[in-house]
Amino acid sequence: MVTRHEGDLLAHDAKIALVVSRFNDFITRHLLDAAVDTHARHGGSDEHLTIVHVPGSFELPVTALRLAQTKKFDAIVCLGCVIRGATQHYDLVVDAAAKGVAQVGLQTGVPTIFGVITADTLEQAIERAGSKQGNQGAKAMLGAMEMANLFKRF
Ligand code: INI
């Protein structure tokens with residue numbers, strides 16, 4: 001018989017931290033709103049959420065690491081938006097954020113979700129923050145709930 005583990009998409013009582021970048025705030029605030037809304041619509045209560053604001057996506061990993069080290073959270077969601085057209089050092093910021101967030105998960109064992117929009121244009125970013133392509137914040141929260149629930153099973 002096969003042993004199968006799967007996390008459901010209910011909020012349950014998982015403690016989830018959200019780290020959100022202020023850079024491109026006009027986009028990231030929609031990611032944050034959607035993440036909080038998704039949590040509530042999946043049965044979560046606000047007291048299980050902690051929201052931390054950071055200057056930019058570059059600061060997401062170190063902040064997620066600090067939160068993970070407290071051992072108070074079942075999952076961490078990192079939200080940001082990097083737009084190629086708007087920055088010379090797009091690749092540096094994206095690389096640091098993506099590798100850093102992955103490293104936090106691997107180092108601490110706390111599921112750490114990469115909810116950062118990486119877009120070539122402002123239009124693309126808008127599409128991923130609540131229009132044509134859905135909302136990256138909502139997707140990230142679903143990932144956090146699934147992983148938190150999965151890790152409770154083994
Ligand atoms: N931070 C972002 O989150 N998105 C960006 O598009 C961006 N640009 O364009 O540079 C950005 N830069 C700031 C960076 O994340 C740091 O906050 C800053 O370099 C200080 O460490």
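When a ligand or atom number is given, it counts from 1 through the structure's own listing order.
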Subject >> Proximity to ligand 1 by part of I83, non-hydrogen separation under 4.0 Å >> reply: backbone

Original post:
Does ligand 1 have a heavy atom under 4.0 Å from the side chain of C81, from its backbone, from both, or from neither?
Top reply: backbone

**OP:** May I ask you to decide whether R29 forms a salt bridge with D33, counting only side-chain N to carboxylate O separations under 4.0 Å?
**Re:** no

Original post:
Given E59, R84, R22, H89, which one has a non-hydrogen atom that is nearest to atom 20 (C) of ligand 1?
Top reply: E59

Subject >> Cationic N near anionic O, under 4.0 Å, D74 to K15 >> reply: no

**OP:** Check each atom of ligand 1 against the heavy atoms of F58 and keep those under 4.0 Å away; list them by number with element.
**Re:** 14 (C), 15 (O), 16 (C), 21 (O)

Original post:
Per the side chain to side chain contact (heavy atoms under 4.5 Å, CB included) rule, which among I16, L18, V77, L142 passes with H39?
Top reply: I16

Original post:
Salt-bridged, D8 to R153, with N to O below 4.0 Å?
Top reply: yes

Original post:
In the single-linkage hydrophobic clustering (I, L, V, M, F, W, Y; side-chain heavy atoms under 4.5 Å), do V110 and V116 co-cluster?
Top reply: yes

**OP:** Specify side chain, backbone, both or neither for S21, according to which of its non-hydrogen atoms lie closer than 4.0 Å to ligand 1.
**Re:** side chain

